[in-house]
Colleague: 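Before I ask anything, let me first share the structure, which is written out below as structure tokens.
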Amino acid sequence: MDDFSDLELFDDESSQSQASEPYLLGFVIANIVGLRYYHGTINRREMVGLVREPLNPHDPNAIKVINVRAAQVGHIERSVAAVLAPLLDSFTISVGAIVPKPPNTPKPYRLPVQIHIFARLAASAFVLDALAGGGLSLISDPNPGFALSEAAIVQEKKPDEATRLDDVFAMVGKNDAGIVPLEPPKDIVLTELLPHQKEALGWLVDREDPCNLPPFWEEKDGGFCFLLTNHQTSDRPEPLRGGIFADDMGLGKTLTLLSLIVTNRPSYTAHGSKKSNSRKKPGGSRKKRKLNEEDDQVSGPRTTLVVCPKSVLSSWVTQLEEHIQVGALKVYLYYQERVKDIEELKKYDIVLTTYNTVASEYGSGASTLESIDWLRVVLDEAHVIKNTASKQAKAVFALNAERRWAVTGTPIQNRSSDLYSLISFLRFEPFATKTYWTSLIQLPLHKGKESGMLRLQSLIGTITLRRTKDTCCDGQRLVALPPKIVETCFVELSAEERECYDEMESQAQSIISRYIDAGTVLRHYSTVLYCILRLRQICNDVALCPSDIASLLPTGALEDVSNNPELRNRYLSMIEDGDDFDCPVCLSQPEKVVITHCAHIFCEACILKVLKRTNPPCPICRRQLSRSDLFLVPPTKTSNDNEDDLQKMVNFDRPLSSKVKTLLKLLITSKEANPSEKSIVFSQFRKMLILLEEPLKAAGFRVLRLDGSMSVKKRTEVIQEFGKNGSHSSTVLLAALKAAGAGINLTAASRVYLVDPWWNPAVEEQAMDRVHRIGQKQEVRIIRLIVKDSIEERVLELQERKKRLVGGAFGRKDPKSQANMRVEDIRTMMHL
DNA sequence: ACCGCCGGGTGCC
DNA sequence: ACCGCCGGGTGCC
């Protein structure tokens with residue numbers, strides 16, 4: 001099952017293809033009403049934000065109007081809101097708004113506003129109808145062909161948005177001339193920071209209490225002016241505390257963040273129990289706070305919430321243990337079992353949790369994480385929230401914190417909308433409000449206007465720090481790494497293996513070419529993947545793959561009960577209740593267990609015999625049964641059945657597969673040359689790793705294994721163990737490609753074997769980067785094992801093509817952006 | 001008068 | 001709001 005986890009058919013990129021970018025349909029005139037009830041001020045020709053208010057008790061269609069300071073100005077009049085709300089809620093349109101006339105003094109009751117309507121070309125007819133049906137007249141440009149020609153321009157311009165976005169970070173660093181490198185307290189952060197990390201720390205500390213006005217604000221006649229919308233106010237705008245920390249992978253972001261947490265630790269009263277309502281007033285405390293300043297009055301929040309993907313948790317734990325003085329920081333792992341006591345959690349310096357944990361509490365009405373005012377929230381691998389509609393994104397948006405950080409090694413994935421989610425998380429007003437983002441950034445950008453690009457650069461430039469491994473620091477490359485050599489070792493199959501492979505491949509080819517001819521590949525995607533999977537397995541070892549491919553096709557195989565959670569739970573509870581387990585047909589313990597839709601249990605063989613009769617009934621309850629009512633129960637995961645089977649398979653006196661033999665030979669040769677050299681063996685197949693363990697041990701290697709099924713704690717232990725040196729230390733780590741997620745440091749090794757190729761080169765690259773990163777002192781040798789004349793060679797071909805395709809500057813290292821296989825790729829891989 | 005008309009109260013959503 | 005709308009008071013000429 002795990003092998004399929006990344007193989008979504010379409011990523012979101014394809015669903016919002018270039019042709020479907022919103023364009024300006026025109027605008028409607030409406031009134032902002034209820035101005036007398038709110039304090040939000042507004043100036044002439046000022047842009048305002050429109051925000052849906054579905055929970056408004058007076059009108060579920062309510063749309064409120066806010067200014068750049070997010071202060072409410074009024075509402076859109078009811079009749080217009082009634083038309084727009086459904087279109088907004090269904091994401092059919094997006095809107096921007098501008099107040100054309102200056103409000104009179106004294107304050108009027110209502111104010112006309114132009115609402116610009118944006119829609120995708122495909123939806124425009126529907127939107128026009130809906131607007132007309134609601135009695136709204138849409139005004140488009142005097143030029144009657146405006147809307148369409150505009151759309152055409154947008155489509156023409158769109159393809160190079162990606163290229164132009166490469167420039168977004170051009171500004172980053174340009175404003176940073178004034179960065180002063182900073183040392184963290186040495187008694188707590190035990191590791192000496194590298195020069196670029198000290199610079200980053202200086203920048204982070206500065207960003208948490210910035211002196212300058214936020215971008216696009218200007219001081220003017222004793223007041224303040226937001227230049228982009230002409231908003232004037234006498235209140236100083238709140239500074240944005242935090243930002244985007246987007247250094248490349250491997251530059252030590254986690255260590256730098258830990259240093260920030262230590263360095264900017266507020267001082268507290270004894271146990272900070274009295275509630276602080278000293279929310280920073282605008283204009284107050286403009287002066288830089290001195291570090292570690294004694295201040296008995298401060299009793300604000302002390303806790304930093306770190307949210308990261310599960311795969312990175314262990315890396316945080318490891319880095320804490322490695323770099324931070326024991327006991328200096330109180331850290332709580334809020335994951336699985338977790339304390340719900342808010343006051344208790346507030347006593348920690350760091351609460352470490354995952355996106356899924358935050359998401360699982362979101363909207364429950366009793367979210368512990370949401371009810372705490374955090375000192376800061378750090379989102380690690382923040383690009384995971386790029387979809388603002390996802391539950392994870394919504395959940396982290398709801399977190400309250402004085403300071404907010406989005407941390408990512410892959411900040412831009414070729415679309416400005418990915419940046420929006422980060423801005424939105426940072427609560428970087430007014431851009432965090434969708435209507436402002438759309439009108440101030442997104443739209444000018446799509447129209448190809450320079451202003452959009454300049455604005456985006458300027459705002460990203462102020463709040464982002466990004467360096468790559470190639471960035472220079474005092475004329476030196478930030479990170480000088482020893483060389484990395486990638487070589488390919490071709491494996492010849494034995495005659496026996498070759499026969500099996502060819503047989504399987506021609507079966508698979510005939511199945512898949514039939515789908516391709518019928519144009520139904522995508523509908524049979526899982527079958528296709530199954531075929532490909534099997535072929536890849538045979539290249540590793542025939543034992544990974546049952547011999548008859550036909551029996552593996554969905555039409556032949558019974559569905560797995562894990563696809564039917566309700567039934568699976570019933571089955572599990574039946575086992576727990578100690579129900580009798582024997583097959584009622586043959587009265588013995590079933591070998592392969594099948595559970596029926598009516599929840600009765602049989603041997604697979606017995607119930608299949610029953611099924612051969614006409615109109616077969618369930619032998620127990622007499623209900624009619626068909627094949628689709630049967631679900632195969634896999635051996636229980638928690639038991640060792642699976643591994644025992646594999647061990648049996650390994651010890652069955654079977655000759656080793658060609659690939660295993662080759663790998664062994666390579667390992668033995670390098671061991672003879674250098675007995676203490678450590679190697680990592682990556683495979684996508686957990687079974688392959690298990691299968692390798694015995695032969696390696698038999699050949700005298702000390703072996704460790706790291707795979708996705710291990711707990712966070714166990715993984716951390718394994719990585720630590722692997723890092724140890726000495727005559728009894730382990731020299732080979734068998735690792736699942738995916739388990740080596742971002743952040744894991746495997747620099748103890750200097751040799752990497754990629755046992756099987758992954759069609760997305762970025763995934764392999766990520767795995768290699770775990771070894772070839774800061775801290776690596778030796779030359780790194782990477783050896784990929786490829787079976788000649790097989791699907792593996794074609795996977796290499798595919799990789800090359802993908803690499804050429806994404807030659808651009810961004811997204812290159814983002815495994816997600818090219819995670820999916822398309823029909824053309826399938827053709828290549830199947831030699832069709 | 002199951003109306004028209006008058007004039008006071010009232011006012012976002 | 002110098003409006004519209006609501007609802008109570010009122011009622012031939």
Colleague: Check the distance between B:dG11's C1' and A:Asp59's CG and give it to me in whole angstrom.
Modeller: 16 Å
Colleague: Using a strict 4.0 Å threshold on nitrogen-to-oxygen distance, state whether A:Glu208 and A:Arg241 make a salt bridge.
Modeller: no
Colleague: For A:Glu53, answer base if it contacts any base atom (sugar-phosphate contacts may also be present), sugar-phosphate if it contacts only those atoms, and nothing otherwise; contact means non-hydrogen atoms under 4.0 Å.
Modeller: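 The residue A:Glu53 makes no contact with any strand.
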Colleague: Applying the Watson-Crick and G-U wobble criteria at under 3.5 Å, what pairs with C:dC12? Answer none if nothing qualifies.
Modeller: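 For C:dC12, the partner nucleotide comes out as none, under the 3.5 Å rule.
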Colleague: What heavy-atom pair brings A:Glu429 and A:Val68 nearest, and what distance separates the two atoms?
Modeller: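 Of all heavy-atom pairs spanning A:Glu429 and A:Val68, the closest is CB-O, 4.0 Å.
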Colleague: Describe the nucleic acid contact of A:Asn56 in one word from base, sugar-phosphate, nothing, applying a heavy-atom distance below 4.0 Å.
Modeller: base
Colleague: Taking atom C1' in both B:dA1 and B:dC6, compute the distance separating them and give it to the nearest angstrom.
Modeller: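 Result for the C1' pair: 15 Å, nearest Å.
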Colleague: What integer distance in Å separates A:Arg52:CZ from B:dC12:P?
Modeller: 19 Å
Colleague: Ignoring hydrogens and geometry beyond distance, is a side-chain donor-acceptor pair present between A:His75 and A:Glu53 at under 3.5 Å?
Modeller: yes
Colleague: Would you mind reading off the distance between A:Gln72 atom CD and B:dC13 atom P, rounded to a whole angstrom?
Modeller: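 One finds 12 Å between P of B:dC13 and CD of A:Gln72, rounded.
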Colleague: Atom NE2 of A:His39 to atom P of B:dC12: distance rounded to whole Å?
Modeller: 15 Å
Colleague: May I have the distance from A:Lys107 (atom NZ) to C:dA1 (atom P), rounded to whole angstrom?
Modeller: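 Going from NZ in A:Lys107 over to P in C:dA1 covers 16 Å.
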Colleague: Base, sugar-phosphate alone, or nothing: which one does A:Leu35 contact when heavy atoms must sit under 4.0 Å apart?
Modeller: nothing
Colleague: Whole angstrom is fine here: how far is it from OH in A:Tyr37 over to P in C:dA1?
Modeller: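 Taking OH of A:Tyr37 and P of C:dA1, I get 15 Å after rounding.
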Colleague: Applying the Watson-Crick and G-U wobble criteria at under 3.5 Å, what pairs with B:dA1? Answer none if nothing qualifies.
Modeller: none
Colleague: Rounding to an integer number of angstrom, what distance separates C:dG4 and B:dG11 when you compare their C1' atoms?
Modeller: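 One C1' to the other, the span is 10 Å.
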Colleague: Write down the distance between CZ (A:Arg78) and C1' (B:dC13), rounded to a whole number of angstrom.
Modeller: 6 Å
Colleague: C:dA1 phosphate, OP1 or OP2: any side-chain N/O from A:Tyr109 under 4.0 angstrom?
Modeller: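 Checking A:Tyr109 against C:dA1: no side-chain N or O falls below 4.0 Å of OP1 or OP2.
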Colleague: Do A:His58 and the base of B:dC13 stack face to face, with centres under 5.5 Å apart and an angle between planes under 30°?
Modeller: yes
Colleague: Atom CD1 of A:Ile66 and atom C1' of B:dC12: how far apart are they, to the nearest Å?
Modeller: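 Taking CD1 of A:Ile66 and C1' of B:dC12, I get 17 Å after rounding.
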Colleague: What orientation do A:Phe27 and A:His116 show, parallel under 30°, tilted 30 to 60°, or perpendicular over 60°?
Modeller: tilted
Colleague: Answer yes or no on whether A:Arg455 is positioned over the face of A:Phe216, meaning its NZ or CZ is under 6.0 Å from the six-membered ring centre and within 45° of the axis.
Modeller: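 No, A:Arg455 and A:Phe216 do not form such a contact.
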